[in-house]
Amino acid sequence: MITSDRMAAVDENAEAFGVPRKQLMESSGNAVARAVRDIADPGAQVAVVAGRGNNGGDAFVAVRFLDDYDVTVHLLGRPETISTDIARENWDALEASEYDTRTVTDSKALGLGDPDVVVDAMLGTGVTGALRDPEATAAEAVNDLDATVVAVDVPSGVDADTGTAAGVAVDADRVVTFHDEKPGLASLDAAVTVADIGIPAAAELFVGPGDLHHSRRSQSHKGDHGEVLVVGGGPYTGAPALSAQAALRAGADLVRVACPKSVAREIQGYSENLIVRPFDGDHLKPSHVDGLTALAADHDVVVFGPGLGDEDATLDAVADFLESYEGTAVVDADALQVVPEVDTDATLVCTPHQGELLKMGGKTADDWRERTDHVESFAAELGHVLLVKGAYDIISDGEVTRVNRTGNPGMTVGGTGDVLAGATGALACVRNARHAAAVGAYANGRAGDAAVEENGYGLLATDLVDRLPVALRRDK
């Protein structure tokens with residue numbers, strides 16, 4: 001089962017891993033043609049009602065595999081408005097080969113005749129909400145026919161994730177969906193076929209550019225994209241400053257650092273962008289927890305641990321905070337060791353390296369595939385998300401596991417983990433915890449790769465901070 005958003009990411013990842021979308025469209029169209037051949041004999045009349053996106057492109061391909069049938073293609077709109085290059089190429093192929101292609105510029109004048117089969121290829125899984133014209137009128141015309149309706153990926157007008165329709169929708173008899181079933185299809189009164197179109201398993205396992213998709217509303221306001229509280233510092237000052245700056249660079253609107261008063265001015269001195277909220281003393285103690293809990297309530301995510309140290313009183317305070325906290329927290333560095341013993345309702349993203357994972361009670365292995373199994377099992381046991389750092393980062397919530405391959409040996413330098421924790425905290429403001437961890441690892445490694453490409457090894461953690469905005473951009 002795969003949601004429409006996740007399917008779009010997998011499509012993009014497959015292309016990044018060497019399987020072009022044009023090839024996937026060819027396989028998808030072939031699968032649609034097979035469904036038509038299964039329900040109608042050669043010579044049957046087939047009407048294809050196509051939109052101007054890749055859903056229509058799948059149907060254009062299908063037509064080329066139906067030469068034994070009497071096929072007409074009805075394009076809703078002008079050919080020059082077809083929205084993707086690969087769909088336009090397949091439309092052009094039909095016209096060049098003199099298939100019966102018809103352009104529909106007035107949906108009320110759509111004439112489908114009396115076909116035996118209708119192929120609904122107007123809109124795919126990425127479109128939600130009520131149909132508008134020309135698709136709404138076309139859907140009504142399709143539903144009025146006495147024909148078997150085959151929908152491409154999802155019936156037009158139906159939300160692929162919920163199975164609901166906000167208005168008129170195509171009443172399909174069969175649905176040919178691709179790669180994996182979509183959650184909403186099970187509720188439909190239609191036969192659903194899942195077609196394997198050649199997307200490699202790697203496109204789901206490995207984090208890739210498709211996972212970066214996230215858009216900001218044009219009417220956004222300060223705070224809409226997250227407020228992060230970094231709790232750290234004491235024996236170390238650079239770590240919380242790096243995490244906070246990384247959170248800002250990864251898209252958080254506001255970031256505050258709660259730290260011991262003894263180091264507050266030093267941490268503030270790293271950047272004028274940092275907002276510091278000091279507490280008394282030179283290290284975190286249980287007496288500070290009530291104040292931190294109240295402060296954390298005004299933030300979307302807490303990054304807990306960078307530079308805190310491992311004094312007994314500090315670790316007791318970490319445990320007390322996590323036991324009382326119910327929000328989302330990224331836990332890093334020395335704070336990790338208390339997580340297995342804590343009973344918490346919080347959503348935790350734990351970011352250990354392999355040594356810290358062992359200290360938490362987990363297992364590791366030299367082979368990343370074997371390590372993946374260990375991490376998934378331990379995440380299920382903990383009930384939290386794990387992001388285990390290494391040459392291959394392993395991210396798991398115990399049910400779904402992802403692997404990140406970005407990064408390089410230059411990132412063994414101190415501070416890169418603090419950058420990762422801060423970036424993950426910012427991303428967790430606007431994504432679910434597992435996805436935030438996966439994208440955080442991918443962007444952190446991508447930033448490190450860019451730094452090494454530009455300057456060679458000998459990078460600094462601040463090099464990663466500076467490159468995070470570009471690393472999180474989909475068009476890079």
Give a yes or no answer on whether the side chain of Gln337 reaches the backbone of Asp334 with a donor-acceptor pair at less than 3.5 Å. yes
Run the numbers on Ile267 and Leu274 for side chain to side chain contact (heavy atoms under 4.5 Å, CB included), then give the verdict. CA-CA 8 Å; Ile267 291 174; Leu274 303 182; 4.3 Å; yes
Any Leu382 side-chain heavy atom under 4.5 Å of Pro340 side chain: yes
Under 3.5 Å, side chain of Thr347 to main-chain N/O of Thr328, donor-acceptor pair present? no
What distance separates Asn90 CG from Asp58 CG, expressed to the nearest 0.5 Å? 8.5 Å
Scanning both residues in full, the closest heavy-atom pair of Gly305 with Ala333 reads O-CB, 3.7 Å
Look up atom CZ in Arg434 and atom CG in Asp397, then write down how far apart they are to the nearest 0.5 Å. 4.5 Å
Look at the side chain of Lys285 and the backbone N and O of Gly281, then say whether any donor-acceptor pair between them is shorter than 3.5 Å. no
Using a strict cut-off of less than 4.0 Å between a Lys/Arg side-chain nitrogen and an Asp/Glu carboxylate oxygen, indicate whether Lys389 and Asp332 qualify as a salt bridge. yes
Using a 4.5 Å cut-off on heavy atoms from C-beta on, say whether the side chain of Val61 contacts that of Asn30. no
Just do the side chain to side chain contact (heavy atoms under 4.5 Å, CB included) check on Phe178 and Thr125 with the steps written out, would you? CA-CA 10 Å; Phe178 309 123; Thr125 57; over 6 Å; no
Do Arg371 and Tyr392 come within less than 4.5 Å of each other through their side chains, counting heavy atoms only? yes
Surrounding CG of Asp85 (heavy atoms of other residues, nucleotides or ligands, distance under 6.0 Å), is the total greater than 12? no
Only one of Val318, Leu348, Leu336 clears side-chain contact (heavy atoms from CB on, under 4.5 Å) with Phe304; which? Val318
Test side chain to side chain donor-acceptor pair (under 3.5 Å) on Asp159 and Thr128; report intermediate values, then the result. CA-CA 6 Å; Asp159 187 312; Thr128 58; 5.1 Å; no
Pairs meeting criterion side chain to side chain donor-acceptor pair (under 3.5 Å) with involvement of residues 235-247, two or more places apart: Thr237-Glu266, Thr237-Tyr270
Given 3.5 Å as the limit, does a donor-acceptor pair link the side chain of Thr193 with the main chain of Val176, or not? no
Tell me, do Ile199 and Met7 make a side-chain contact under 4.5 Å, heavy atoms counted? yes
For Asp312, the side-chain hydrogen bond (donor to acceptor under 3.5 Å, both in side chains) test, sequence neighbours excluded, returns none
Main-chain N/O of Gly407 paired to Asp449 side chain as donor or acceptor, under 3.5 Å: yes
Do Val465 and Leu242 come close enough that some side-chain heavy atom pair is under 4.5 Å? yes
Examine distances only and state if a side-chain atom of Gln268 and a backbone atom of Ile275 form a donor-acceptor pair shorter than 3.5 Å. no
Between Ser28 and Leu24 (side chain of the first, backbone of the second, donor and acceptor by atom type, cut-off under 3.5 Å), is there such a pair? yes
Side chains of Arg369 and Ile394: does their closest heavy-atom pair fall under 4.5 Å? no
Got a sec: does the CG of Asp343 have more than 12 other heavy atoms crowding it under 6.0 Å? no
Heavy-atom side-chain proximity of Thr372 to Val403 below 4.5 angstrom: yes
Give the C-alpha distance, both sets of side-chain angles, the deciding distance and a yes or no for side chain to side chain donor-acceptor pair (under 3.5 Å) between Glu323 and Thr344. CA-CA 5 Å; Glu323 285 175 354; Thr344 179; over 6 Å; no
Just jot down the side chain to side chain contact (heavy atoms under 4.5 Å, CB included) partners of Glu326, sequence neighbours excluded, or say none. Asp345
Nearest 0.5 angstrom please: Leu229 CG to Asp298 CG, how far? 9.5 Å
Output the distance between atom CG (Leu427) and atom CG (Leu420), rounded to the nearest 0.5 Å. 9.5 Å
Closest approach of Leu464 and Leu459, non-hydrogen atoms and distance? CD1-CD1, 3.8 Å
Do Leu387 and Val385 come close enough that some side-chain heavy atom pair is under 4.5 Å? no
Which atom names give the shortest non-hydrogen contact between Ala258 and Leu292, and what distance separates them? CB-CD2, 3.6 Å
After noting the C-alpha distance and the side-chain angles of Asp196 and His179, does the key distance pass the side chain to side chain contact (heavy atoms under 4.5 Å, CB included) rule? CA-CA 5 Å; Asp196 184 348; His179 181 64; 5.6 Å; no
For Thr84, give me all partners under side-chain hydrogen bond (donor to acceptor under 3.5 Å, both in side chains), at least two apart in sequence or on another chain. Asn54
Look at the side chain of Arg402 and the backbone N and O of Phe206, then say whether any donor-acceptor pair between them is shorter than 3.5 Å. yes
Shortest non-hydrogen contact from Tyr457 toward Asn408: CE2-OD1, 3.6 Å
Working for side chain to side chain donor-acceptor pair (under 3.5 Å), residues Arg52 and Ser83: CA-CA 6 Å; Arg52 292 163 291 163; Ser83 61; over 6 Å; no
Non-hydrogen atoms of Gly210 and Ala9 that approach each other most closely: O-CB, 3.3 Å
I'd like to know if the side chain of His353 and the backbone of Glu356 have a donor-acceptor N/O pair within less than 3.5 Å. yes
Tightest non-hydrogen contact, residues Val207 and Phe17, listed as O-CZ, 4.2 Å
Between Glu227 and Arg256, does any side-chain N to carboxylate O distance fall below 4.0 Å? yes
Does atom CD of Glu399 have more than 12 heavy-atom neighbours from other groups under 6.0 Å away? no
Counterpart residues, side-chain hydrogen bond (donor to acceptor under 3.5 Å, both in side chains), relative to Lys363 (two or more places apart): none
Got a second to check how far Gln23's CD is from Ile197's CD1, nearest 0.5 Å? 10.0 Å
Please check if the side chain of Asp393 supplies one atom and the backbone of Gly390 the other of a donor-acceptor pair under 3.5 Å. yes
Provide the full list of side chain to side chain donor-acceptor pair (under 3.5 Å) pairs with a residue in residues 1-17, sequence neighbours left out, each pair given once. Ser4-Asp161, Arg6-Asp211, Glu12-Arg474, Asn13-Asp211, Glu15-Arg21
I need the Arg467 CZ to Asn444 CG distance, nearest 0.5 Å. 12.5 Å
Would Lys182 and Leu185 count as a side chain to side chain contact (heavy atoms under 4.5 Å, CB included) if you check the C-alpha gap in whole Å, the side-chain angles of each, and the deciding distance to 0.1 Å? CA-CA 6 Å; Lys182 313 309 182 293; Leu185 298 183; 4.0 Å; yes
